[in-house]
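The structure appears below as structure tokens.
The chain is numbered in sequence order, starting from 1.
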Amino acid sequence: MAEAAEPDRIDGAPHPRDTRKLYGQEDAEQRFLDAFAQDRLHHGWLITGPRGIGKATLAWRLARFLLATEPGGGLFGAPQSLDVDPDHPVSHRIAAGSESGLLPIRRAVDDKTGKLKTQITVDEVRKLRDFFGLSSAEGGRRVVIVDAADEMNPNAANALLKLLEEPPAGAMLLLVAHQPSRLLPTIRSRCRELRLHPLNPDAMSRALEQALGEVTHAEALAELSGGSVGEAIRVLNGGGLELYAAIVDILSDLPRLSRPAVLKMCNSLGGREAEPRFDLTVRLLDLALARLARAGATGQPLIEAVPGEAALAARLSPDARAARRWAELAADLGARARAGRAVNLDPGALVLDMFLRLESAALKAAG
């Protein structure tokens, strides 16, 4: 399947339908299993939480489980896991994209531009009428995954709402939502929520090993990604660990910055192919400032993402007053840089401006 048709795939990682294990979300899985065992399955489930923590993987696990498991668990009683044998016919059909009882609803490719649309349109949701009509003769469950539901435009959301209000027999709708507050309240009220949480370093390590093979620095990646394995993969793909270490090294010179070090980083951001690196640089600089603010506000030693960060935080953000200053800078500088990039200002100059403003603020604070 072409990458353009896979908006729910993270570059460099398996698609959620091919991810066999879900780490760090045992509570959510058990809630669903309990409902299944008690024959209290709702027809709509809203899977929420930050990006990249396994929401889509859970949706595909639920779909595979529902289509492969008899109500009540069959002869062997209530199942204790969502795992389905990879050799099960349902597993094979889902892997091949040929399972007639499953329909994923995602952003489609625009025929005019060849690029993914920015929203899920009503045309995608209307496919459900044919899906339920064609599959009704087969009986059994029919599962829909909407990923991400908060990307639906108003017409698509209203069309889905009608289905939630009057679901066909055997229908199960699994809605993945990064920002559930963007959904219609009536959609939220008609679903049971499964909320997922950021991964701890141990779960992060196992999830990354499954996706990429053996990975070092899992604790650092958990810190830099906010417990999101998807974000951790993006950080790894973009050389983010090394970039964050360079940012911390530069900040360690405050209140006066090393001009050569700053210019070296800014000069690496030229050219169209460097656009992802600009985005990652701004995101990681935002994060560095936010982590300084959190250290000062909580008074707790910082868990280091890179060596030297804890000492930097202790020196630059020793109290709540300093924390407020870094928090204000974190909120302002990244927004300025992104706004400038939106009107095609030079990315290197924008990052240079961020560092110069940091230096100015640090010199003012120092005296």
| field | Shortest non-hydrogen contact between Pro255 and Leu363, atoms and distance | value | O-CG, 3.5 Å
| Do Arg259 and Glu359 meet the salt-bridge criterion of a basic N to acidic O distance under 4.0 Å? | yes
| note | Separation between OG (Ser225) and CG (Leu208), nearest 0.5 Å, reads 7.5 Å
| query | Looking at Ala305 and Leu224, what are the two nearest heavy atoms and their distance? | reply | CB-CD2, 3.6 Å
| field | Heavy-atom side-chain contact between Tyr23 and Ser205 under 4.5 Å | value | no
| How far does CZ of Arg357 sit from CG of Leu352, to the nearest 0.5 angstrom? | 11.0 Å
| field | CZ (Arg129) with more than 12 external heavy atoms under 6.0 Å | value | no
| message | Do Tyr244 and Val235 have side chains that approach each other closer than 4.5 Å (heavy atoms only, starting at C-beta)? | response | no
| remark: Heavy atoms of Ala156 and Asn153 approach each other most closely as N-OD1, 2.8 Å
| Between Thr19 and His15, is there a donor-acceptor pair closer than 3.5 Å when you use the side chain of the first and the backbone of the second? | yes
| Are any of the side-chain heavy atoms of Val351 and Asp353 separated by less than 4.5 Å? | no
| said: Is there a side-chain contact between Val144 and Leu174 in this structure, where contact means two heavy atoms from C-beta onward sitting under 4.5 Å apart? | reply: no
| query | Okay, side chain of Ser317, backbone of Leu292: is any donor-acceptor separation there less than 3.5 Å? | reply | yes
| Do Val109 and Val122 share a hydrophobic cluster, counting only Ile, Leu, Val, Met, Phe, Trp and Tyr and linking them when any side-chain heavy atoms are less than 4.5 Å apart? | no
| request: Would you name the heavy atoms of Ala211 and Pro14 that are closest together and state the gap between them? | output: O-CD, 3.6 Å
| Between the side chain of Asp150 and the main-chain N/O of Leu183, is any donor-acceptor distance below 3.5 Å? | no
| request: Begin with the C-alpha distance, continue with both residues' side-chain angles, and end with the deciding distance and a verdict on side chain to side chain contact (heavy atoms under 4.5 Å, CB included) for Gln119 and Met152. | output: CA-CA 5 Å; Gln119 296 178 315; Met152 291 186 295; over 6 Å; no
| field | Arg190 bridged to Glu165 by N-O distance under 4.0 Å | value | yes
| query | If two hydrophobic side chains count as joined below 4.5 Å and joins carry through other members, does Leu241 share a cluster with Ile303? | reply | no
| said: Applying side chain to side chain contact (heavy atoms under 4.5 Å, CB included) to Val176 and Val146, what does each step give before you reach the verdict? | reply: CA-CA 6 Å; Val176 174; Val146 184; over 6 Å; no
| Got Thr48 and Leu196 here, is their nearest side-chain heavy-atom distance under 4.5 Å? | no
| query | Sub-3.5 Å donor-acceptor pair from the side chain of Asp253 to the main-chain atoms of Arg256, do we have one? | reply | no
| With a 4.5 Å limit on heavy-atom distance, are the side chains of Leu160 and Leu184 in contact? | no
| request: May I ask you to say whether Arg341 pairs ionically with Glu275, meaning some side-chain N is under 4.0 Å from a carboxylate O? | output: yes
| field | Interatomic spacing from CZ in Arg17 to CD1 in Ile145 - rounded to 0.5 Å | value | 10.0 Å
| said: Working note: Val215 + Glu209, criterion side chain to side chain contact (heavy atoms under 4.5 Å, CB included); need CA distance, chi angles, decisive distance, verdict. | reply: CA-CA 6 Å; Val215 173; Glu209 184 176 358; 5.9 Å; no
| message | Strictly distance-based, threshold 3.5 Å: is any side-chain N or O of Arg141 a donor or acceptor partner for the main-chain N or O of Leu67? | response | no
| Minimum heavy-atom separation for Ala288 to Ile247, with atom names? | CB-CG2, 4.2 Å
| request: Salt-bridge test for Arg206 and Asp202: reply yes if a basic N is under 4.0 Å from a carboxylate O, no otherwise. | output: yes
| query | If only atom types and distance count, is the side chain of Ser91 paired as donor or acceptor with the main-chain N or O of Asp85 below 3.5 Å? | reply | yes
| field | Gln38 side chain to Asp34 side chain, donor-acceptor N/O pair below 3.5 angstrom | value | no
| field | Ion pair Glu231/Arg51, N-O distance below 4.0 Å | value | no
| message | Do the side chains of Asp27 and Arg195 get close enough for a salt bridge, i.e. N-O under 4.0 angstrom? | response | no
| task | Step through the shown structure and confirm whether more than 12 heavy atoms of other residues, nucleotides or ligands are within 6.0 Å of CG on Asp319. | result | yes
| message | For a 4.5 angstrom cut-off between non-hydrogen side-chain atoms, does Asp286 reach Arg283? | response | no
| Is there a chain of hydrophobic side chains (I, L, V, M, F, W, Y, each step under 4.5 Å between heavy atoms) that links Leu329 to Leu302? | no
| Heavy atoms of other groups near His43 NE2, more than 12 under 6.0 Å | yes
| said: Could you measure the distance from the CD atom of Glu29 to the CG atom of Leu62? Nearest 0.5 Å is fine. | reply: 7.5 Å
| Does Arg61 reach the main-chain N or O of Phe65 with its side chain, forming a donor-acceptor pair under 3.5 Å? | no
| request: Could you tell me the separation between the OG1 atom of Thr57 and the NZ atom of Lys55, rounded to the nearest 0.5 Å? | output: 10.0 Å
| Main-chain N/O of Arg294 paired to Thr298 side chain as donor or acceptor, under 3.5 Å | yes
| query | Tell me, do Met265 and Thr281 make a side-chain contact under 4.5 Å, heavy atoms counted? | reply | yes
| task | Verify side chain to side chain contact (heavy atoms under 4.5 Å, CB included) between Phe32 and Leu66, making sure each step is shown before the conclusion. | result | CA-CA 11 Å; Phe32 188 89; Leu66 288 166; 3.9 Å; yes
| remark: SG (Cys266) and CZ (Phe278) are apart, to the nearest 0.5 Å, by 10.0 Å
| field | Check: Gln210 side chain, Lys21 main-chain N or O, donor-acceptor pair, under 3.5 Å | value | yes
| Can you check whether Ala313's main-chain N or O pairs, donor with acceptor, with Arg291's side chain at less than 3.5 Å? | no
| Shared hydrophobic cluster for Leu257 and Leu316 (ILVMFWY, side-chain gaps under 4.5 Å) | yes
| query | So which heavy atom on Ala171 is nearest to which on Phe132, and how close? | reply | CB-CE2, 3.6 Å
